Amino acid sequence: QSVLTQPPSASGTPGQRVTISCSGTYSNIGSNSVSWYQQFPGTAPKLLIYYNDQRPSGVPARFSGSKSGTSASLAISGLQSEDEADYYCAAWDDSLNGNVFGIGTKVTVL
Amino acid sequence: EVQLLDSGGGLVQPGGSLRLSCVASGFTFGTFAMTWVRQAPGKGLQWVSGISGSADNKWFADSVKGRFDISRDSSKNTVYLQMSTLRVEDTAIYYCAKSNGYNYVGHFDYWGQGTLVTVSS
């Protein structure tokens with residue numbers, strides 16, 4: 001059971017907007033920044049969003065992040081077939097004195 | 001270009017030991033914390049351990065505390081994960097990752113390709 005709660009799956013048709021939620025507590029999301037990672041099967045994860053809403057260079061603008069209180073979300077606007085992947089949220093947890101990940105959300109493009 | 005090359009994985013019996021290595025290049029190694037993250041077959045990501053840029057601070061997940069140790073050698077631009085008293089549930093792909101900060105874990109902006117550890121009799 002992960003400390004951060006994500007839905008196991010999400011889906012949409014090409015061009016749609018898909019949102020993935022990540023719920024935590026005061027000791028993790030409530031007190032620290034959230035990052036998001038994208039992972040394709042058989043490959044290493046890739047940083048997608050950091051500091052809640054910042055995109056590394058090279059990440060398309062259709063990916064955006066937000067945070068409010070003890071929850072965060074990742075939005076994919078204008079969903080594309082190449083966005084089909086697993087997405088993980090992560091944050092430092094002050095109580096555990098360690099980093100925690102969500103269980104991951106598998107995004108399917110219908 | 002930042003590169004992280006993980007190695008050292010393999011098959012080990014329960015109770016055994018293994019040392020993973022991660023050779024880094026393309027950035028000033030000593031100014032960033034480094035981290036290990038693992039992924040069991042068909043499962044999600046799990047943070048394992050982190051070490052500050054100076055090696056003065058180390059952090060461990062509860063599931064590996066007392067069994068795993070992390071270290072770094074700045075002369076070789078290498079971070080290590082020494083794993084002992086291995087359990088079947090430690091079976092996973094282990095990824096080395098670069099943290100964005102010096103004395104904290106932060107987020108992970110670059111990842112190695114991963115090395116597979118299989119614990120089985």
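Predicted model, so just to flag it, every value in this text is computed and none were measured. A, B, ... follow the sequence lines: proteins, then strands. Residue 1 opens every chain.
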Segment of [X] engaging chain A (4.5 angstrom heavy-atom cut-off):
X	answer
B/F108	both
B/D62	side chain
B/Y104	side chain

| query | Who wins among B/L45, B/V37, B/N100 for the most heavy-atom pairs under 4.5 Å with chain A? | reply | B/L45
In Å and rounded to the nearest 0.5 Å, what is the [atom1] to [atom2] distance from [X] to [Y]?
X	Y	atom1	atom2	value
A/L47	B/K98	CG	NZ	10.0 Å
B/R38	B/K43	CZ	NZ	13.0 Å
A/N52	A/Q54	CG	CD	8.5 Å

Same hydrophobic cluster for [X] and [Y], using side-chain heavy-atom links shorter than 4.5 Å among ILVMFWY?
X	Y	answer
B/V105	B/I70	no
B/Y80	B/W111	no
B/V79	B/V48	yes

Scan the side chains in residues 8-35 of chain B for donor-acceptor partners under 3.5 Å anywhere in the protein, sequence neighbours excluded, and list what turns up.
unit_1: B/T31; atom_1: OG1; unit_2: B/T28; atom_2: O; d: 2.8
unit_1: B/T35; atom_1: OG1; unit_2: B/S99; atom_2: OG; d: 3.4

Closest non-hydrogen atom pair between [X] and [Y], with its separation:
X	Y	result
B/S54	B/Y102	CB-OH, 3.0 Å
B/A55	B/R72	CB-CG, 3.9 Å
B/S63	B/Q46	OG-NE2, 3.3 Å

| Quick one: which residues of residues 18-37 of chain A reach chain B at under 4.5 angstrom, heavy atoms only? | A/S35, A/Y37
| request: Determine which residues belonging to residues 69-92 of chain A lie within contact range of chain B, meaning some heavy atom pair is under 4.5 Å apart, and list them by number or answer 'none'. | output: A/Y88, A/W92
| request: Identify whether the distance between the nearest side-chain nitrogen and carboxylate oxygen of B/R87 and B/D90 falls below 4.0 Å. | output: no
Donor-acceptor contacts, no H, no angles, side chain residues 97-110 of chain A, under 3.5 Å, sequence neighbours left out:
unit_1: A/T105; atom_1: OG1; unit_2: A/Q6; atom_2: NE2; d: 3.0
unit_1: A/T105; atom_1: OG1; unit_2: A/P7; atom_2: O; d: 2.5

| task | Sort A/P45 into side chain, backbone, both or neither according to what part of it lies under 4.5 angstrom from a heavy atom of chain B. | result | both
